[in-house]
Participant: 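The following block contains the structure, expressed as structure tokens.
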Amino acid sequence: MKLFPSFTSEIIPERPYSFELTVRKPTGWALFTPSEIFAEGTLWTATHIDNRLVGIKLRSKGTLDEPTVIAEIFLEKKPNASQLRSINRSVTRSIGASEDLTEFYAMAENDDILKHAVVDLRGMHNTMASTIFPDAILAITLQMTTITRSNQMMDCLLRTYGDVAEFDGKIVHAWPRPDSLASVTPEVLAKMCNMGYRAKHLVRLAKKIDSEGFPNIEELESLTPMEAKKLLLELPGIGDYSADIINPHGGFPIDVWSADVFGQLLFGKEPVDKDKEIQLIKNEGIRRWGKWSWMAFYYVVQDLENLSDRLGVKLRLS
DNA sequence: GCGTCCAGGTCTACC
DNA sequence: GGTAGACCTGGACGC
């Protein structure tokens, strides 16, 4: 779909704000889609906001302590005033511009693990999807397989069922909308993208979000973290780990990989019986970092290589 | 070349 | 409430 220049916003994030660390994480996690393009300090990306395909060009005009982000928005049609406000609000929230890191940093400076990460990654804000569906796709494709195959599944979903945004001389593939996958049979999806048993979960989940009135990301955000998680656990194929990935409040998503990392950091050893020890590691992380558990997880995972050196432990990088 | 194991979880049946 | 076993697939590994 061709998108045209619509409007430009100047966003003033809470300081400190590192544009590059925030929109382009050290681990390579994308802001909205793995297909987005980052070059010479500018990000071209695409997502759905209010069911509308939106092309977004982001660049920094400021510094870590005097940050300004310029967001150029590309749409198929001219938005009305309400749509414009909604897109602005969504982009501002997604790039973590309103997030105040002061309290987290104060806690982290007295934490033997985090005190290193917050120095290494000063100004990195938490980013957020504009809808829950992309994170649900991520969570389901990560389940019980290798990262290589997860990436193959995600790439197929993106290119076969996603929307293509053409704008500013770039082409970016956005994640599929729930209605695009709700109309596909699990058999076709399993065959097309080698998804195996995950296909039926994903199709049922797409139908539930598309037509059964499941709360959107802003509605989940207005609930308490536990209320939001309880609702997410009602989605097909979404268990404790996946709900912690999708929850807009953040969680402490411990899987077999992060269990090795946080087992080393919190108990000095990787778990032997992962099934049993994952819950212990999760409980200890939540006990130690409380409401900042997600930010702690986020900073640690983005800083593994440095932390391995600084703490003198061998952390499994991926 | 072939068989087996296992990987960034979740669901269900059974106790 | 707790837990064992099934679930798609393909790469790695041993033989």
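These values consider heavy atoms only, across backbone and side chains, with no hydrogens, waters or symmetry-generated copies. Note on naming: letters A, B, ... go to the chains in the order of the sequence lines (proteins, then strands), and numbering restarts at 1 for each one.
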Participant: Return the pairing partner of C:dG1 with a 3.5 Å limit on both distances, Watson-Crick or G-U wobble; otherwise return none.
Facilitator: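 C:dG1 is paired, partner B:dC15.
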
Participant: List for me each residue that meets side-chain hydrogen bond (donor to acceptor under 3.5 Å, both in side chains) alongside A:Q264, sequence neighbours excluded, and say none if there are none.
Facilitator: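 Counting only residues at least two positions away or on another chain, A:Q264 forms no side-chain hydrogen bond (donor to acceptor under 3.5 Å, both in side chains).
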
Participant: If pairing requires Watson-Crick or G-U wobble contacts with both distances under 3.5 Å, which nucleotide is the partner of C:dC8?
Facilitator: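 Base partner found: none.
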
Participant: If the plane angle is over 60° it's perpendicular, under 30° parallel, otherwise tilted; pick one for A:F262 and A:W289.
Facilitator: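 Plane angle over 60°, so perpendicular.
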
Participant: I'd like the 5' and 3' limits of the part of DNA chain C contacted by chain A, with heavy-atom contacts below 4.0 Å.
Facilitator: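 The protein-touched segment is C:dC7 to C:dG10.
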
Participant: Does either side chain, that of A:K57 or that of A:T45, offer a donor lying less than 3.5 Å from an acceptor on the other one?
Facilitator: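 No, A:T45 and A:K57 have no side-chain donor paired with an acceptor closer than 3.5 Å.
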
Participant: Transitively linked via ILVMFWY side-chain contacts under 4.5 Å: A:L21 with A:I37?
Facilitator: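 No, separate clusters.
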
Participant: What string of B, S and - do you get for nucleotides 8-15 of chain B 5' to 3' if you count protein non-hydrogen atoms under 4.0 Å?
Facilitator: BBSS----

Participant: Would you say the side chains of A:D303 and A:N306 form a donor-acceptor pair under 3.5 Å?
Facilitator: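 Yes.
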
Participant: For C:dG11 and B:dT10, measure between their C1' atoms and round to the nearest Å.
Facilitator: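 Per the computed distance, 23 Å lies between those C1' atoms.
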
Participant: How far, in whole Å, is C:dG5 from B:dG8 if one measures between their P atoms?
Facilitator: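 22 Å, rounded to whole Å.
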
Participant: Got a sec, which residues hit side-chain hydrogen bond (donor to acceptor under 3.5 Å, both in side chains) with A:E219, two or more places apart in sequence or on another chain?
Facilitator: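 For A:E219 there are no side-chain hydrogen bond (donor to acceptor under 3.5 Å, both in side chains) partners, ignoring immediate neighbours.
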
Participant: When we call it a touch if two heavy atoms are under 4.0 Å apart, what does A:K200 touch: a base, just sugar-phosphate, or nothing?
Facilitator: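 Here A:K200 touches the backbone only, sparing every base.
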
Participant: Which value, in whole Å, describes the distance between the P atoms of nucleotides B:dT12 and C:dC8?
Facilitator: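 Those two atoms are separated by 13 Å.
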
Participant: Identify each donor-acceptor pair in which a side-chain atom of residues 64-71 of chain A lies under 3.5 Å from a protein atom, sequence neighbours left out, and give them as a table.
Facilitator:
unit_1 : atom_1 : unit_2 : atom_2 : d
A:D65  : OD1    : A:R122 : NH2    : 3.2
A:E66  : OE2    : A:R15  : NH1    : 3.4

Participant: Which residues satisfy the ring-ring contact (aromatic ring centres under 6.0 Å, His included) test with A:F74, sequence neighbours excluded?
Facilitator: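 Result, ring-ring contact (aromatic ring centres under 6.0 Å, His included) vs A:F74: A:F167.
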
Participant: Take atom C1' in C:dA6 and the same atom in B:dC5, then report the distance between them in whole Å.
Facilitator: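 My reading of the C1' atoms in C:dA6 and B:dC5 gives 16 Å.
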
